[in-house]
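Single-structure report; data block below.
This structure is a prediction, so every number in the text was calculated from the model and none was measured. Sequence lines set the chain letters: A, B, ... in the order given, protein chains first and strands last, and positions in each chain run from 1.
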Amino acid sequence: MHRRLCALLVAAFGLAAGCHDFLDVNTNPNGPQSVSANLYLPQMLHWLVTSPQYDGRFVGRYTQEWTLPSLTLATALPTTWDRMGYDAGSDNGGEQWRDVYWSLGQNLVDMNAKAAAEKRWDLLGVGLTLKAWGWQVLTDLHGEIIIKEAFDESRTTFDYDSQDYAYQEVQRLLDSAIVLLRHSDGAVDAGYLGKGDHIYNGNRVKWLRFAWGMKAVVLNHFSKTATYQPDAVIAAVDSSFQDNSDDALLQYPATSTDLQDYNFYGWTRNNIRSYRQTQFVVGLMNGAQFGGAVDPRMSRMLAPAADGQYRGVDPNLGGFGALTATQQPFNFFGYAGTAGSGLPARYLFADRSKLPVMTYAELQFIKAEAALHKGDQPTARTAYMNGISAHIDFVNARNLDAGQTPTQITGAEKTAFLADANIVPPPGNLTLSHVMSQKFIALWGWGHNELWMDMRRYHYTDVVDTVSRLQVFRGFANLYADNQGKLVQRIRPRFNSEYVWNQTGLSAIGALAGDYHTKLLWITPP
Amino acid sequence: MDQNPVPGIMKTSVVMVLLGMLLVAPHALAQQKTVTGKVTSEQGAPLSGVSVILKGTNTRTATNNEGSYSIRAAVGQVLQFRLIGTALVERTVGDADVIDVPLRRVALDLDAVVVSALGEATERRAQGTAQQTIRGADIAQTQRENFVNALQGRIAGVDVTSTSGVPGASASIIVRGITSISGSNQPLMIVDGLPMDNRTLNTGLLASDANSNTALSNRAIDFTNRAADFNPDDIESLTVLKGPEAAALYGIDAANGAIVIQTKRGTAGGGVQYSSSARVEWTGAKPQLQRVYGPTTVATDGTLGSFFYFGAPYPAGTRFYDNLDGFLRKGTAATTSLSFSGATADNRINYRLATAADKQDGVVPSSGYGRVNLTAASQAQIAPWLNSDVSMNYTYDNNDQVYKGTCGTISTCGSLLGPLIDLMLWPQTDDAKDYLTKSGLRRRLTGLAASDEPDNPYFNVNKDKINAKTSRVMVNLGLLVTPFSWGSLKTNLGTDAYTNQNLVLRNPESATGFSTNGVLDQADVVTRNLDAQTVLNINSQPLTRSLSISGLVGHYISDHKTTTDAVVGTQFLDPNFVSINNTNQRTPQPTIEQRRLVSLFGKAVLDYRNFLYLTATGRNDWTSTMPPGASSFFYPSVSTSFVFSDAFPAIGRFMTGKLRAAYAQVGKDAKPYAFRPALQYKTTSYGGYGYNFWGPNLSLRPEFAKSWEVGAEVSFFHNRLGLDGTVYRKVTEDQIVNDVRGSYGTGFILFNLNGASTRARGLELTVHATPVLKPTFGWDVVANWTSAGQVVTGLPRGIPESYVSDTWLYGNVRNGTMVGLSTMSLTGFFYLRNNQGDLLIDPTTGLPVRSNVLSGNFVDRGYDRQPDFTIGLTNSFRYKRFGLEFLVDIRKGGDVFDATDHFLTTHGLSLQTLDRDQPRVIKGVLMDGKQNSANPTPNNIVVLPSANPAYYTSMSEELFIERDINWLRLRDVQLSYELPQGFLGSRNASVFVKGTDLLLITNYTGLDPIVNGNTAAVGGSGGVGIDFGNFPMPRGVNFGIRMGF
C-alpha cells in the first residue's frame, strides 16, 4: 500500500522542473517557418496582377477610365479621387505599397535566397523580376520610396530613396533577371517552377520575354528625360512578347470562401458595383474622337444603358446629371444599379475573368510610341496596327473566359475597323494621339498604373503639335483640379504604414505637405 | 504531455527524501471518542456548512442542514468552529459528548480563517495583503446563471461588465483596473487549487475571420466566458486575491489578480437539498425615433432608395407601426438544482452529489441559454495520515445568441447590423413582422443590392444563427499526506477538458451572407488543460519563545492545449439547411495553441507573538512561450501584518485592528508563438505560403509588474463595525504590446514588442456594519468603495498611439491610448480647434472640420471611460422568518460612447434631427488660414440641415461620447421567508422573490451604460463603454423555493 502511494506521489512530484524538452513546444504548429522556394510564388504572382487593381479604383478615376457617381442624386459633390484629390487618413491608394513591402516583402527575400542557394536560376529570375516590378510601380505611384533600408524589421523609421535610384535599381534587377532566365543549367526545372507559377506554368522563356517587356515599359517612362533612347525601347519590345499567347494573365479560380481568389472586379467582390464609365472613354470609342469610326470593342467592353446606347458619365457632376433612367449607363457587369448577382458579366468583370498585368498589345503601343519619337513612321504604324489587332483578339478572348454576355468581334468587323482611315491613318500620318488614345482603350479597365504614367508624361492634356492642337489623349477634359489648380502627380505613401509610424521619413521628403500629391515626379519633368 | 513522454525524474535526492517521509510510521493515536453537537446562529437558527476542525490536525467535518455535526476527538483536543462571516469559536473537548455552539455574525474577525494563495487556509490576522471573500450562498442567491455577474458591487476593486443583456453574454472581470494595453486583463481563476479556464472564444479562431471581408473581429457576435459553465450552487466560497501581492504565489498568470473558488463538500446528515426558481424578464428602456420626416429617396413605385430619413414629411394620416414594441418578448428562466450529501458516521468518508438545470429564453427572440451540471465530490480518510479528495464536474450548455452592433468600419462584412439597429432602421411605415415574401424569401424594401439593404430585424433573428454547445469535464484528484507532525504534503492532479462547438450562420439571403450565398462558420474548440501541483506544508515551528516560522515549498506543472477545428462554408445549396455539408465551397482553418509551464515556489511566514507577521514568497516560472534565455523568471513578494490591537492591549479594549503592507513583483510571459513568425497558407489564387502579419522579435522579454499596497483593517463595537482600506500602486514595465503597427518598410505589418509601461493607483474601502443585532431583527450593511486610475507612461518605439483594432468598431472612435493618457481613453477623428479652442469651420461647407482632414490621425480629446469611483452597497435585513437583501451599484464618472445615437442621427431618425428645418450657423471660426491669428474669421455660413444632411451625416462621434456618466442600479433585491419546519415533510424550506436589475437611474441618454462593443475576449481596455446596438440588461423577477429533506 505504502509503496503504491509513494509511486503515485512521486509521479506527480517527479515531473521535473526546468526540463528543456518539456518546454520546447513553442514552434508554431499552425504554419511552417519556411517552405520550398516555389511555394512562396503563388500569392506573390496573385498580387502582381491583383494589387494594381485595388489601387485602380482610385487611379482609374485620375485617368478618367471610370468615375464613382451618386446613383441616387443627379448631381453631388464628386468624390475626392474624381477631383484629383485623395482621402486623408485612409489607406485608399496604398494597396501596392502594402503588397510590395508585405505580400512580396520578406517572402521574396526568402524565396530568392533559397532559389540562389539551390541554383534555381529560373525561379531566381522570376523573383528578381518581381522585385523590379515592385520598385517600379511604387516609384511611379509615390515617387520617393523606401528601398535601401527596406525589410529591416529592427528599424522604426525609414529613409526614402530617390526616384532616380529606384529606376537604377529596377534596371539593375531586370538586367540580372534577363541573364538568369536565359540559363537552362543548374536546377532550372519547368516542373518545379510551374508548381508555383500559374501565369506561365513554369515556362522560363515566357518569363524572359516578360522581363524584357518590363524593361521596355521602364525605358519608355524616360520619354521626357534627356536619357531617353527609343531604340533601346524598341529592342526591348522586340525581345519581349511575340503575340497574345505571351500575355501575362492570371486566372481567378473563385473557389475560396473568403473571395480572395475571385476577380477583384467581379460582382461578388463588390468593389466596382457603383462605378460607371466616363464620357472620356466612351468618346474614344463611339466615334466622337475618331471621325465617326465606332469601335467594335465598345459594345464588348463598355456597358450600355437601358436604351441600348453607350454613354459616359461626366465626373464633374458627381451623379448622372441630365441622363434619364433609361439613358444612364449600366454597371460594368451590364445591369442597372448595383445588380448582377450570379448573372453573366462583361469583359474583365466576371468573378472568374482573367486579368492581365502586361499584354502584347500594350508593348506594341509602346514600340509605336518610341518609333514615333524616333521618327520611324513605318515601324510605328506596324506596331500600332499590331496593337489594335491584338487587343481586338484580347477582347474576344476575355469575353470567353467566364461565359460573358458580349458577342465575339467578327473578322469582318476587325478588318473594317483597321481599314478605317480615322483609326489607321495613311502611312506617314500616324500621331502620338492615335497611339496613346488607342493604348488607352487597350489598357482601359486594368492597366491603370501605366495609363496614369502615360497621362503624367504628357501632362494629361499635352497636344501633339501646336498647329493641330490635337490632344495626345483625345477628348480628355473636364479636369476638376481640387488642388489649387494643380494636377495630381503622385499618391501619398500609404497612410497606415507611413503617416502614422514614419513621420520622420516623410518629413525629409516633404510628404507632410498637404499638396504633396501634386509634386511632379522626377521622371516626368515639365 | 501527449506529445512528449513524461520527462525523467529531476533529482534522485528529492525522491529519496519523499520516500523517507512516507515511510515514517504514523503516530500512535490517543483514546478517541465521538463528539456531537449543534451549531446555531445567534437567533437559534441551525447553521449548515460550519467547519468543525480538530485544531492542529487535518481532521475536519462540517455541520449538516440541521446544524448538527459529529467528529472523533480525544479529551483535551480543541475543536474549532469556523464559518465565513462569523467569529471563530474554540471549544476544548472535555467529558461531555455533546458540544452545542452558537456562532455570532461579525463584520470583521481577525481570527477568521481565510483562503490564501494556493487555497491554503490561514488566519486573517496573518494576511499582509488585500483580499475579500464571498460565501457561495450569496453568489447562488443572485440567481445569475453566470456567477461572474454576481460579483459586481460585492468586492472592492472588482469591476464586472457584461457584454450585453442577451443570455450567455460574456462577462469581463477586471481586478484593480486595466494595466495591460493590449493583452488580457482577466484574473486567474482557481478552483480547488487548480486553474479553471475562463476564456471567451475569440472570433480570430473562426475560419471566416482570416479575411477582412467576412471577419467578425469580436464585434457583431459574442460567446460565453467559460467560467459561466460553473454551477453557482457548487461554490462554497469565493475569494478575490486582488493584487500581485496576494497572488504572487500563483505566479505568471496571476498578474491581474486571482479568484480562488472552494467547492462544496458533503457533511454528515446533509440529506437532500432541492431548490427551484423561475424568472420573468423584460426590457424597460426603449429608444425614441422621429416620425415626422420620411425616407430620403422613394422611387415612383414606392421602392425605397435607402434607409435614410432626410426626405419630405410623412403625409398626414400615414399609418405607423410600432415595430420596436412587438419585437422584444418576455424572457423566462427556470433553474432547478438538487443535491445529495452525507458522510459516514465516523466522518471518514463524505460525499456530495449535485445536479442543476438551467433553461433561459431571452427577451430577444431566438436567444436562449440552457445548462446542465453534474457534480460529484468525495473526501475520504484512507488512513490516519492519508486523506483523499476527489471532485468531478460535468457541464453541458447550449447557447443561442443573436448578432449585435456591427462588424465595423475597418472591415465591412456586408451590411451586418445587429437586430436592434435593424429594428430602429426599419421604416416605421412598414410592418417589420412581415419579413418574408409569399414565396418564403426575404422581403425587400429598397432597390439596393441585397447585400446593401440592412436586414429586417425579424429576418435577422429568425434566419441567422449563433449557437454554441459546450461539454466540459473538470476533475480534481487530491491527496493529502500527513506522515509526521511538522507538516503535510498535498498533491492535486487535475484536468479541465471541454469541447466547445460553435456554429455561426449568415443566411444566404441576408445582407451579410448574400454575396457568397451564405456563410457558415463551424468551430470546434477542444481544450484539454492538465495541471499538477504538489505542496509541502511545514507547520508552525517555534524559533524562540515568541517567534515561530511556518512555510511551504511547492511545485507546479501545467500543459494547456487548445485545438480548434474551424471551417467556413459558402455557396449554400439548400438555403435553409444548416450544415457544412450543404455548402459548395469550404475552407478549413485548424489552429493549435499550446503552452507549458513549470514552477517552483516557496513561502515562509514569521510569526512574532501572534501579532506581527512577516511573509515572504518566491516563485520561479519556466514558460514555453518566451525565447530561449528569457523563459525563466523569478519574482519575490514580501508582506507584513501587524495586529496592533493585540500588540497594545490598551487599544484592543475598544477596537481590534491590524495594519498591513506588501510588495511584490510578478512576471508575465507572451502568448504562444509570439516571437517567431510563421508562414500561413494563402487563400489568394492558387494558394501557396506567405508570411502572416507579424514580424519576428527574437529578443522578446518577459514583462514585469512591481506592486505595493498598504492597508488597515479595524473594527469597533465588538466587531459590529469593520473597516478595511487599501491603497495600492502598481507599475508595469517593459510591457509586451501585441499587434503594434510599424512602417511596412519592416516587411511586416504588426509586431509584438516590449516597451510599454503603465502606472495604476487606487484606493479600496470596505465597510461592514451590523447596526441592529437582535434575536428577531438584524441588519447588516456592506459597502465597497473603489477609486482607481491607470495611466500609460510609455509606448514601444515611441509610437504615438496604441489601440486594439477590434475596438474600432463604430465610426472613427477606438480605445486608443497615448503616453500620459488613461488606459481607458478613447481616441477618434474629433473636431479641430484653433488656439483659442474655437471649432474650425470648413469655409466651403460651413461644417466643422475633423482631425482626419489634415493629419489623418486619431486624436485625444480627454475622453476616459474610467469612473471616478464606484460603490457597491449591500443591505441585509432579517426579521423573524423574513429576510430582505438588496445590492445597489453606484458609479460616478466615466465616459460612454453612445454610438447608437450617432447612428440614428446620421440616418435622420434621432429626435434631435427634428429641428432640421431651422437654419443655423455653427459657432466657430473659418479655417481660412487666419484661424490662429489675432482676428480669426467668425463662421457666418448658414446651414440648413434638411437641405444639407451632411450636417448630420458628417458629425463627429465626439458629440456622442457622453462624459461623466453616473448610475445607480438596483442590482439585486430579494425578499425571502423561511417556512415552518415540516412544510411538505421537509426539514427546512424557504421561499423567495427576487428582482434583478429592476431599477436604473442614470444620466446616460442611451439604453444602458453597461455595455461592451466587443466581447470579453478582446484585450486591453476592450470595447467597454462603446454602445452600439447592444441589448440592455433585462429586468427580471424570480420566484423560488428551497427545501431540504
Side-chain angles (χ1 to χ4, degrees), chain A residues 2 6 9-10 12-19 21-23 25-26 28-33 35 39-43 46 72 88-89 97-98 101-103 105-107 146 149-151 153 156 158 196 198 250 252-253 255-261 268 270 337-338 495 497-499 501-502, chain B residues 4 6-7 9-10 15 18-19 22 210-211 213-214 297 305 447 449 452 491 493 515 532 534 555 557 568 570 585-587 591-592 594 596 598 600 622 624-625 631 672-673 678-680 682-691 695-696 741-749 797 852-853 856:
Chain A
H2 284 185
C6 295
L9 284 170
V10 168
F13 200 77
L15 300 169
C19 185
D21 288 347
F22 180 72
L23 291 176
V25 291
N26 206 45
N28 195 328
N30 303 304
Q33 279 167 10
V35 291
L39 293 181
Y40 292 95
L41 200 53
Q43 66 108 14
H46 170 92
T72 51
W97 186 281
R98 169 188 188 267
Y101 286 111
W102 175 61
S103 298
Q106 192 63 40
N107 296 302
I146 303 162
E149 293 179 350
F151 314 122
E153 70 265 357
T156 57
F158 293 84
H198 292 267
L250 182 71
Y252 292 91
T255 57
S256 177
T257 54
D258 63 3
L259 313 184
Q260 284 292 292
D261 65 348
T268 304
N270 188 13
T338 56
F495 176 75
S497 164
E498 302 303 289
Y499 282 83
W501 317 107
N502 191 22
Chain B
N4 295 331
V6 174
I9 290 159
M10 178 175 57
V15 180
L18 273 170
L19 283 171
L22 295 170
N211 183 271
N213 293 313
T214 48
T297 45
D452 296 335
T491 290
L493 299 171
S515 287
T534 301
H555 173 59
I557 184 164
V568 60
T570 59
Q585 292 182 3
R586 302 169 201 172
T587 306
T591 312
I592 301 170
Q594 184 172 26
R596 285 177 174 173
V598 176
L600 281 177
W622 291 266
S624 66
T625 68
S631 64
Y673 325 127
L679 300 167
Q680 66 169 174
K682 298 290 182 180
T683 53
T684 43
S685 301
Y686 304 104
Y689 275 102
Y691 280 101
R741 286 169 183 269
S743 166
Y744 293 9
T746 55
F748 296 94
I749 292 173
R797 292 186 176 176
N852 56 316
V853 170

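- Interface remark: of the candidates Gly196(A), Pro32(A), Gly89(A), Gly105(A), Pro32(A) forms the most heavy-atom pairs closer than 4.5 Å to chain B.
- Gln33(A) is not listed as a side-chain neighbour of Leu679(B), based on a closest heavy-atom distance of 4.5 Å or more.
- Of the residues considered (Thr570(B), Ile592(B), Thr684(B)), Thr684(B) shows the highest number of contacts with chain A, using heavy-atom pairs under 4.5 Å.
- Here the shortest heavy-atom pairing between Glu153(A) and Arg797(B) reads O-NH2, 3.1 Å.
- A search for ring pair (Phe, Tyr, Trp, His ring centres under 6.0 Å) contacts involving Phe748(B) returns Tyr691(B), not counting sequence neighbours.
- Within the 4.5 Å cutoff, the side chain of Thr746(B) has no heavy atoms near those of the Trp102(A) side chain.
- Separating the CD atom in Gln585(B) from the CG atom in Asp258(A) is a distance of 10.0 Å, to the nearest 0.5 Å.
- Looking at Asn270(A), only its side chain comes within 4.5 Å of chain B, counting heavy atoms on both sides.
- Per-residue heavy-atom pair counts under 4.5 Å with chain A were compared for Ser631(B), Pro696(B), Ala210(B), Gly305(B), and the maximum is reached by Pro696(B).
- Residues satisfying the salt bridge (Lys or Arg N to Asp or Glu O under 4.0 Å) criterion with Arg98(A), sequence neighbours excluded, are Glu95(A).
- For Leu41(A), no part sits under 4.5 Å from any heavy atom of chain B, backbone or side chain.
- Looking at Arg596(B), its side chain never comes within 3.5 Å of a backbone N or O of Val25(A) through a donor-acceptor pair.
- Heavy-atom pairs under 4.5 Å with chain B peak, among Ser103(A), Ser497(A), Ser256(A), at Ser497(A).
- Interface remark: Tyr252(A) contributes backbone and side-chain atoms alike to the contact with chain B (heavy atom separation under 4.5 Å).
- Considering all non-hydrogen atoms of both residues, Tyr101(A) and Tyr744(B) come closest at CB-O, 3.2 Å.
- Exactly one of Val568(B), Thr683(B), Thr214(B) qualifies for a side-chain contact (heavy atoms from CB on, under 4.5 Å) with Thr257(A). That residue is Val568(B).
- To the nearest 0.5 Å, the span separating OG on Ser685(B) from NE2 on His198(A) amounts to 9.5 Å.
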Audit row: Glu498(A), Ser743(B), side-chain hydrogen bond (donor to acceptor under 3.5 Å, both in side chains) steps and yes/no: CA-CA 6 Å; Glu498(A) 302 303 289; Ser743(B) 166; 2.6 Å; yes
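- Atom CG of residue Leu39(A) and atom OH of residue Tyr686(B) lie 16.0 Å apart, to the nearest 0.5 angstrom.
- Ranking Gly695(B), Gly688(B), Gly745(B) against chain A, the residue ahead of the rest is Gly745(B), based on heavy-atom pairs under 4.5 Å.
- Only the side chain of Phe495(A) comes within contact range of chain B, with heavy atoms under 4.5 Å apart.
- Here the side chain of Asn26(A) pairs a donor or acceptor atom with the backbone of Tyr673(B) at under 3.5 angstrom.
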